[in-house]
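Letters A, B, ... mirror the listed sequences (proteins, then strands); counts begin at 1.
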Number of protein chains: 2
Amino acid sequence: MKLETVDIRQSASAADVVFEALRKAIIEGELAEGEHLRQDHIAQMFNTSRIPVREALKRLEQEGLVANERYKGTVVAALSSAEVEEIFEFRALLESEVIRLAVPRLSEEQLAEAYRHLQAFASEPDASLWGEINRNFHYSLYEAAGRPYHLQVIRSSLDRVDRYLRAQLTLTNGMTRARAEHQAIYDACARGDADEAARLTRAHILDASRSLLVFIEERRAVAQAESH
Amino acid sequence: MKLETVDIRQSASAADVVFEALRKAIIEGELAEGEHLRQDHIAQMFNTSRIPVREALKRLEQEGLVANERYKGTVVAALSSAEVEEIFEFRALLESEVIRLAVPRLSEEQLAEAYRHLQAFASEPDASLWGEINRNFHYSLYEAAGRPYHLQVIRSSLDRVDRYLRAQLTLTNGMTRARAEHQAIYDACARGDADEAARLTRAHILDASRSLLVFIEERRAVAQAESH
DNA sequence: TTAACTCAGATTGGATCCAATATACAATAG
DNA sequence: CTATTGTATATTGGATCCAATCTGAGTTAA
């Protein structure tokens with residue numbers, strides 16, 4: 001008798017589950033910055049002990065998504081405007097270079113996938129999904145660069161600022177502009193113009209940074225005013 | 001009675017101590033790639049339980065310095081030649097940009113410090129210190145860029161390949177060339193030529209990458225031959 | 001009144017114990 | 001003799017327990 005060898009999917013460790021869930025919650029802005037992450041509170045939510053929770057928190061800390069003070073606890077990391085701005089500059093540098101490398105290697109299939117994300121981004125009514133679709137669009141193009149380490153770092157840097165980006169996308173007219181810029185980036189890729197795709201990607205990211213910083217400042221001004 | 005309020009140095013947590021020690025050991029090449037890191041072995045070395053060891057290993061895993069397989073254990077991460085090459089490309093991109101930003105902001109004091117590292121690098125007879133001095137030289141220049149996030153990522157990317165770099169520095173004539181290239185970078189910085197400093201930094205890193213890859217290939221070929 | 005002190009509860013960091021899984025080796029059937 | 005199966009040991013992942021520290025309310029003294 002011969003059976004197909006099925007790779008029995010090891011369920012992920014509890015620490016990994018907690019890590020992914022918290023990462024997602026932070027990226028999506030469900031956890032406010034500065035919010036305390038109590039170990040046994042989280043442990044109860046996942047029906048585990050505090051041990052895997054602590055390992056997850058250590059990993060998040062290494063990623064810069066949370067900050068820990070000994071015997072005080074772990075809080076969702078808060079970024080200053082300067083830090084947000086720097087991370088967007090960083091992304092602009094890295095992502096423009098990666099897309100330059102990607103363009104000459106884009107297959108028809110990959111272009112088609114990017115196009116699907118482009119359309120999904122334009123037509124999706126549920127704003128809570130825009131952030132994810134935005135990621136998918138860009139990453140589907142970057143994949144072709146064949147630079148896994150670069151992609152990993154890009155992912156990590158976007159993680160740190162994604163909640164701001166998502167908040168801004170759904171407000172102001174960030175969505176409208178993003179849609180037009182995505183189209184332009186896609187067009188440059190489709191016609192094989194790597195330099196233009198790189199230039200547009202850089203501008204796209206720095207554009208978002210600028211309007212996002214205005215947004216953050218406003219929000220902080222309001223919070224300031226309310227607290228008095 | 002009034003005493004000066006001294007910030008009593010909280011001794012670092014056990015997890016942090018273990019993390020730093022293992023990170024250092026991996027970077028310096030004291031742990032061979034693929035080597036198993038047994039939890040209670042390490043715990044005994046540091047006179048602690050396995051709990052802080054596990055947290056340290058999680059952090060190292062997040063940094064990509066070790067790889068973990070569930071119920072099998074954690075080993076020092078092994079990089080393929082392609083991965084090493086990609087990380088050097090990444091460093092070349094990032095570090096050349098950072099030094100470009102740094103040059104116009106370099107103070108006399110910072111230049112002087114870089115010069116001290118430059119001389120230390122040339123005159124230090126103990127080869128085991130070269131890797132650290134090399135880092136110090138570059139970072140002392142990068143500091144002036146005022147880009148802490150960029151520096152953090154640079155540090156993390158260097159961590160992954162530093163053991164290869166250090167091995168190569170001490171062999172072949174990597175040291176001789178590095179010394180000359182450092183001098184040229186320093187000179188460009190001293191005369192305020194940001195573009196040239198960037199160009200030289202990029203070439204410096206890619207140079208190292210090339211000779212290092214040759215070195216790795218040779219070493220693997222030897223290992224291959226010996227195993228037969 | 002206000003600042004310093006005390007003490008109880010909450011929370012984190014670490015140690016020890018138990019469960020799940022992998023690995024190596026012995027036993028056995030063909 | 002070889003391949004498979006069973007079993008003991010090692011190792012990791014997770015739970016529970018204990019110690020160290022923080023926090024905040026109440027108390028006291030100037």
Let me know which of His117(A), Glu143(A), Glu95(A), His182(A) forms a side-chain hydrogen bond (donor to acceptor under 3.5 Å, both in side chains) with His138(A). His182(A)
What is the distance, to the nearest angstrom, from the CD atom on Glu55(A) to the P atom on dT12(C)? 16 Å
Round to a whole Å and report the spacing from CD of Glu61(A) to P of dT12(C). 13 Å
Produce a footprint string for nucleotides 7-12 of chain D: one letter per nucleotide, 5' end first; B if the base is under 4.0 Å from any protein heavy atom, S if only the sugar-phosphate is, - if neither. ----SB
Residues which pass side chain to side chain contact (heavy atoms under 4.5 Å, CB included) with Ser123(B), listed by chain and number, not counting sequence neighbours: none
Apply salt bridge (charged side-chain N to carboxylate O under 4.0 Å, His left out) to Arg160(B) and list each qualifying residue two or more places apart in sequence or on a separate chain. none
Leu57(B) CG to dG14(D) P, straight-line distance once rounded to whole Å: 14 Å
Would Lys58(A) and Glu55(A) count as a salt bridge (Lys or Arg N to Asp or Glu O under 4.0 Å) here? Give the steps. CA-CA 5 Å; Lys58(A) 283 282 178 200; Glu55(A) 289 174 2; over 6 Å; no
Should the pair Arg155(B) and Tyr139(B) be classed as cation-pi, given the thresholds of under 6.0 Å to the six-membered ring centre and 45° from the axis? yes
Side chain Trp130(A), main chain Arg166(A), donor-acceptor under 3.5 Å: no
Distance check needed: dA10(C) P versus Gln44(A) CD, whole Å only. 13 Å
Can you tell me how far C1' of dG13(D) sits from CZ of Phe19(A), to the nearest Å? 18 Å
